[in-house]
Peer 1: 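After the structure tokens below, expect a handful of questions from me.
For the numbers below, each heavy atom of this structure counts, side chains included, while hydrogens, waters and symmetry mates do not.
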Amino acid sequence: MTTKFTVKQRLRYRIDNTLARGVGMVLLWLGVLTALFVIIVAGIIKITGIGPSDSSTSLTEGIWLAITRSLDPGTFSGDEGDKFRLGMLAVTLIGIFLGATIIGIISSGIDSRLETLRRGRSAVVEVGHTLVVGRSDKLSVVVAELVEANRSERGHAIVVLTADDPVEVLDDIRRDVTDLGSSRLVVRSGAPTRINDLAKMNPQDAKSVIILSPDDDSARSYLVKVVLGLNKLIPAGSSTTIVAEAGDVEVAEALKESVGERLITVIPSAIVARITAQVSRTSGLGAVYQELLDFDGDEMYIVDIPERWVGSSFGQLTLASSGATVIGLQRADGSVSLTVGAEAVVMPGDKAIGIAQDDSVFVFDREPEPWTRPADHPSAAIEAVRERTLIVGWSPVANLVVKEIENHVAPGSELLILIDPDNHVEADVLAELDSVGLTQQTVSIHVGSTISRPVIAEVMGSDPYDHVMILCERSEFDLDEADARVLLTLMHVRALAPDSASNVIAELADPNDVELGRQGDSSEFIVSMQLISLLLAQLSESPHLARVFADLFDGTGAAVALHPVERYVPLGASDFESVLTAARNWGVVAIGYRAANPGGESAALAGGIRVNPSKSEKINFEAGDMIVVIVNTD
């Protein structure tokens, strides 16, 4: 049986639908109603003859009288004629009601629009912008690096799409990034996994897109939906690069197969593990990695090689530029290598990979000079030695760290791991270590609180460790508590062994906590997800360097190391060109040095480290000084 509705119900339903269609439709209907009211009033005045002084008037004059009395309540005060005054009073009262309604609706519409703008729901009309999708603790660092990278580009826009309150996000970013330089920051609210919200960000016209993954179980599905959504919106053949933070290797590989070369994935756990292991073994490497990743100071570039250098050896090419340090080659087929080999020949179409303060100074201003490796020159690598390593805490990256240490120590090395019984089971940790297949290290596990000074004092004992690593247990605690525990443990280690020669490294998750743990000494450099933030920003600005960073961080092949200066040049006065010349005889590339008294006019990094020094720079090397080199770990 069909329901019967009353006229009142139908009318109210129609009105409700009209109101739901927005301010514009309501104003349209009010305009129509006002026009009808004016015409009706004018018609009554014409028909009844109730005009000014109760005399008749024309229809057009009646329309004018109705409009003026509706818009200006004071107009009827000068009217004459009792009937006309009463009529105009009624018109004025109805006009006040209609006018107030229209003004209220317009005001409400403006407020609604302002609220929409405040909530960041409007579309982005930008071209050549950098789009950051998602929000995590890396956001402020990424924005800061993008600002630094685009200081010379006026009006560059950085657009952030987040599901959070844009006002809150904007306040957080501006708290950490006080100087936006020439860049503009635009924050919009929306669901990154919805293609309609992504489309409002105009990704097809963006220079690059950075995807920050959430720190929860939804990271995998989030990444898949966002990447596929962007791939659908960005047309084939576009130069827009997508740089995505991926926690799962299998998901990253599947997405790359689907999306293609425009997608660059970064696996934070693997990169952090490798850097953590390397920095823990040699103080100062953390500052080198940060110098290579950030936009402040020297950066990596890929440039064409002049024809006159084609046919020369890579060893000769390392001395070709006065303002840059050549570290590798990009072959004509696009393959990249930072472990080329000094005798490798430069072929037509090859490009040089190097470190320079700016690409404008990466020029080949020198002429090729004859060189061959001396036949009697030794080529043995630096011999691994036995080492004692202490790891405090356990995390998903711990296995990768242990495996990296295994590749650099001699048989008989010791590894002690301190785990908290409230968070980890000893048998489970041993099972994970068994999967690594350790042959160079003997492992022992101590169970106790990782933030208790008596427990840490017992573990450290009387025999010093060569390396102490404090891992951030993000899987067991929220971010703030995990970092606080790391900082507390670091305080205990420093207090218990203030004069120790051990190399201490602490991993922090939040980039904002890095400065809390610093002591101004690179021997205790803090590795955190800040390095991942720098890498994401670097790849978004220089996607052509993706293969270079992959070669540096993939766990095989090229790696940064510090070697004793005596291996290359005698102690005393020398210059960096002499270091480069000696390094190529050993089959490595020197990119800098660490000295107690660094030379040169530019400021050194933490711990007296200098990267890409001038080849003519004079240095007075002392015992304990080191040369920063890129070596082949295979």
Peer 1: If every non-hydrogen atom of E473 is compared with every non-hydrogen atom of A482, which pair is closest and at what distance?
Peer 2: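 What the structure gives for the nearest pair is O-CB, 3.9 Å.
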Peer 1: Would you call the rings of F364 and F362 parallel, tilted or perpendicular if under 30° counts as parallel and over 60° as perpendicular?
Peer 2: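 Taking F362 first and then F364, their aromatic rings sit tilted (interplane angle of 30° to 60°).
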Peer 1: Are S182 and H156 close enough that some pair of their side-chain heavy atoms sits under 4.5 Å apart?
Peer 2: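 No - every pair of side-chain heavy atoms lies 4.5 Å or more apart.
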Peer 1: Name the orientation class of the two ring planes belonging to Y593 and F621 (parallel below 30°, tilted from 30 to 60°, perpendicular beyond 60°).
Peer 2: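 Ring orientation, 0 to 90° scale: perpendicular.
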Peer 1: Which heavy-atom pair separates V326 from L317 by the least distance, and what is that distance?
Peer 2: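 Reported closest heavy-atom pair: CG2-O, 3.6 Å.
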Peer 1: Atom CG of L531 and atom CD of Q290: how far apart are they, to the nearest 0.5 Å?
Peer 2: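 That separation rounds to 6.0 Å.
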Peer 1: Find out whether P396 and S269 are in side-chain contact, i.e. whether some heavy atom of one side chain is under 4.5 Å from a heavy atom of the other.
Peer 2: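 No; the side chains remain at least 4.5 Å from each other.
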Peer 1: Is the shortest heavy-atom distance from the side chain of T193 to the side chain of L198 under 4.5 Å?
Peer 2: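 In short, these two side chains do not touch, never coming nearer than 4.5 Å.
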Peer 1: Ignoring hydrogens and angles, tell me if any N or O in the side chain of K138 forms a donor-acceptor pair with the backbone of L212 under 3.5 Å.
Peer 2: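 Here the side-chain-to-backbone pair does not exist.
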Peer 1: Is the backbone N or O of D296 less than 3.5 Å from a side-chain atom of E148, with the two atoms forming a donor-acceptor pair by type?
Peer 2: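 It does not hold such a pair.
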Peer 1: May I ask you to say whether E261 pairs ionically with K256, meaning some side-chain N is under 4.0 Å from a carboxylate O?
Peer 2: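 Salt bridge flag = no for K256 with E261.
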Peer 1: Which residue, N150, T241, T240, forms the side-chain hydrogen bond (donor to acceptor under 3.5 Å, both in side chains) with K207?
Peer 2: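 The passing option is N150.
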Peer 1: Looking at D365 and S322, would you say the former's side chain and the latter's main chain have a donor-acceptor pair under 3.5 Å?
Peer 2: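 The answer is yes, because a donor-acceptor pair under 3.5 Å joins these two groups.
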